[in-house]
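I have placed the structure first, in the form of structure tokens, so that the comments after it can refer back to it.
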Amino acid sequence: MWVYVGRIMKLVKGLRWVLLTAVVTAGVMFLWVGWPEVIQYPSGYTITYNRGIGQEVTLEVVNDTGHPVHFCASIFGWYPNGSVVKLDDVCARGVGKIKTDAVRKYAEQWKDLDGEIGVFVILTYINGTDSKGNYTFDNAVKGFTIRPKRVVAGENIKATIKVKAKPPKEKSVSRASAAILQWPPKSVPTGEQCFPAVGDPNPVTTCYNWALETTYVSATNTPVPVVVARVSSSDAYNLHTVRVALFLAASSQYAVSFSGGSMLTTKNADGSEVTTGFSADIVTLAVTSDLYLDDYYSYTPYQLGPRIIAIGFYGDYAVVRYRKQACTYTCVYLNDYAYMYLVRPRIPITVYKDMQPLDGNLGNVFSMVSSNWAGKTIYGASDVSISATSVVGNSGGISLLSMSVPLLSRPNIPLSAVFSLAASLGSQSFSAARGEVYATLQTNDPRVTIYAVYYRPNPLYEFNNQYYPLPSLFVDVKTYKTSGLGEEPEG
């Protein structure tokens, strides 16, 4: 499933133990300490596990060249009951400690899962300096996953994530007194942990954190459509069969991953919000077993008329907003926001199938998709097929983000760009996660041809420090009639 790197471990098969002896007054004490196991994930982050005395959880932030980055991070988890909770706030240069008790409590809620759970990280970090030598800052939404059983077993965890960051000029990386700093309440960070002002004879250190401000939607055990086909009234009588199919098979070799979508915005003085970036660097769940779905759903439009049909799973989703804070003597809210859309299945998985009229709930979701997302047309002859493989190939995407789920409800957010938010699912291999829409003609009229339109959000999403489209399998199945004058839409 994943590539293991950084191994002294190549010299060792499995996990070997080193015997340490410590001579104490009472005698000899034996301690077992394990070699680190470093796991490099295709999403771009790295997790290191090892056993030691006690338990420690750390977050490392580096740039593309591996140099440590000066950062503040707010760290969140998504509990099984659907609530999003903060695990910790951390400020550091390179590596900072996360509250072990909070991470362990989070993992204990998922200890029966064969797979990994997501930890979401919202960052503020130094990205170089300006012409006056002042720090320039950037924001990012990232994440990593942890294996609950290993956390509960007491292993140490180090998560390493990458951001696009230029190092500041050397002269500006100065330590500053933070004796008057009052955040976090239980400790007084040093200038190395937060951000001292540059060039100020009496610098004030500033820390940043992100607070969960609004939960717009939080639903559990609800239908999540993944592959959806829509047939309008003008096309129905020309179509014999429309079929939607979904295959998900998690294994130790290929995990099926479910990734959230995020959007960063900044509010202007006039109250308007400007979108500054989209991200898919948030894995909510990576499943390695107990997930198998191989099913399809079909109907006959020429008999039943216009319809929408869907196949997916029962799961959870949430739409939440975070707001950035700057903390010196006190904390004040800034005008930077992070919107996050999260989706995951219930395990063991249960298939969801549905057929609805055009004005049903599915129709409302599909209308939002077709109105706000870019369409791409695929032509057929007597039949047409659109698969996850084809949409990723045609759009320049990747298999880990191969099937996207649009917003399942219209959250009360005064921001048109929110409709570009999408969650996604996929695997390293299409053999582990794939979907398809297939349709055939009913008529024998040689002038009638079939085609289909699939949709994807207009912005590119950042994933592992690169940018990709999030294609979906929300598909309009249509027909057109040709004449001596060219193509004419049917109806």
Side-chain angles (χ1 to χ4, degrees), residues 58-63 68-76 85-99 102 120-142 161 163-214 262 264-269 271 273-274 276-277 320-340:
T58 55
L59 172 65
E60 180 181 41
V61 181
V62 298
N63 64 13
V69 172
H70 207 142
F71 71 92
C72 280
S74 292
I75 300 157
F76 297 84
V85 294
K86 180 174 283 189
L87 302 179
D88 202 2
D89 290 310
V90 177
C91 290
R93 181 180 182 272
V95 181
K97 292 184 179 181
I98 305 172
K99 291 177 182 175
F120 317 132
V121 181
I122 310 181
L123 289 161
T124 298
Y125 60 93
I126 293 177
N127 187 12
T129 48
D130 62 19
S131 58
K132 297 180 180 179
N134 297 315
Y135 293 141
T136 56
F137 294 97
D138 209 344
N139 303 317
V141 181
K142 297 286 184 177
I161 58 179
V163 294
K164 294 181 177 180
K166 299 176 182 178
K169 293 179 181 178
E170 198 64 32
K171 66 178 182 180
S172 69
V173 184
S174 60
R175 300 193 178 203
S177 171
I180 56 178
L181 193 66
Q182 298 179 7
W183 183 90
K186 294 183 180 179
S187 63
V188 179
T190 66
E192 181 71 13
Q193 289 176 302
C194 293
F195 304 107
V198 179
D200 190 330
N202 298 301
V204 175
T205 301
T206 302
C207 299
Y208 296 94
N209 71 79
W210 293 79
L212 178 61
E213 185 184 56
T214 305
S262 69
L264 288 166
T265 70
T266 298
K267 184 175 288 187
N268 294 324
E273 284 187 55
V274 177
T276 58
V320 293
R321 183 174 75 173
Y322 307 86
R323 188 172 182 181
K324 188 177 179 181
Q325 289 181 311
C327 301
T328 52
Y329 309 112
T330 59
C331 293
V332 296
Y333 281 108
L334 304 178
N335 289 325
D336 294 311
Y337 299 86
Y339 295 85
M340 197 177 294

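Side-chain atoms are counted along with the backbone in the values below, which use heavy atoms only and exclude waters and symmetry mates. Only a predicted model underlies this, so the values are computations on that prediction, with no experimental measurement involved.
- Atom NZ of Lys324 and atom CG of Leu123 lie 10.5 Å apart (nearest 0.5 Å).
- Checked by atom type, the side-chain pair Asn63/Lys164 shows no donor-acceptor distance below 3.5 Å.
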Quick one: do Glu60 and Ile161 satisfy side chain to side chain contact (heavy atoms under 4.5 Å, CB included)? Show the steps, please.
CA-CA 6 Å; Glu60 180 181 41; Ile161 58 179; over 6 Å; no
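- Ring pair Tyr135/Phe195 is perpendicular by interplanar angle, where above 60° counts as perpendicular and below 30° as parallel.
- The shortest non-hydrogen separation linking Phe71 to Val95 is CE2-N, 4.4 Å.
- Between Cys72 and Cys91, a gap of under 2.5 Å is found separating the two SG atoms.
- Summarising the geometry of Lys267 relative to Tyr337, their closest heavy-atom pair is NZ-OH, 3.5 Å, with the distance given to 0.1 Å.
- Here the side chain of Thr276 pairs a donor or acceptor atom with the backbone of Leu264 at under 3.5 angstrom.
- Taking each heavy atom of Val121 and Ile75 in turn, the nearest pair found is CG2-CG1, 4.4 Å.
- Under the ring pair (Phe, Tyr, Trp, His ring centres under 6.0 Å) criterion, Phe120 pairs with no residue, sequence neighbours left out.
- Of all heavy-atom pairs between Gly96 and Val90, the closest is CA-CG1, 3.8 Å.
- In this structure, CG in Asp89 is found 4.0 Å from OG in Ser74, a value given to the nearest 0.5 Å.
- Arg321 pairs by the salt bridge (charged side-chain N to carboxylate O under 4.0 Å, His left out) definition with Glu213, Glu273, not counting sequence neighbours.
- Taken from CD in Gln325 to CG in Asp336, the straight-line distance is 12.0 Å, to the nearest 0.5 Å.
- For Lys142, the salt bridge (charged side-chain N to carboxylate O under 4.0 Å, His left out) partners are Asp281, Glu462, not counting sequence neighbours.
- Asn127 pairs by the side chain to side chain contact (heavy atoms under 4.5 Å, CB included) definition with Tyr125, Thr136, Asp138, Ala165, Lys166, not counting sequence neighbours.
- Less than 6.0 angstrom separates the ring centroid of Tyr208 from the ring centroid of Phe137.
- Here the NZ-NZ distance, from Lys99 to Lys86, works out to 9.5 Å after rounding to the nearest 0.5 Å.
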Side chain to side chain contact (heavy atoms under 4.5 Å, CB included) evaluation trace for Leu212 with Val320
CA-CA 7 Å; Leu212 178 61; Val320 293; 3.8 Å; yes
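- The ring pair (Phe, Tyr, Trp, His ring centres under 6.0 Å) check on Phe76 picks up Tyr322, with sequence neighbours excluded.
- Listed by chain and number, the residues in a salt bridge (charged side-chain N to carboxylate O under 4.0 Å, His left out) with Lys97 are Glu56 (sequence neighbours excluded).
- Between the side chain of His70 and the backbone N or O of Gly94, no donor-acceptor pair lies under 3.5 Å.
- Of the N and O atoms on the side chains of Asn335 and Thr266, not one donor lies less than 3.5 Å from an acceptor on the other residue.
- With hydrogens and angles left out, the side-chain atoms of Asn139 and Thr124 include a donor and acceptor closer than 3.5 Å.
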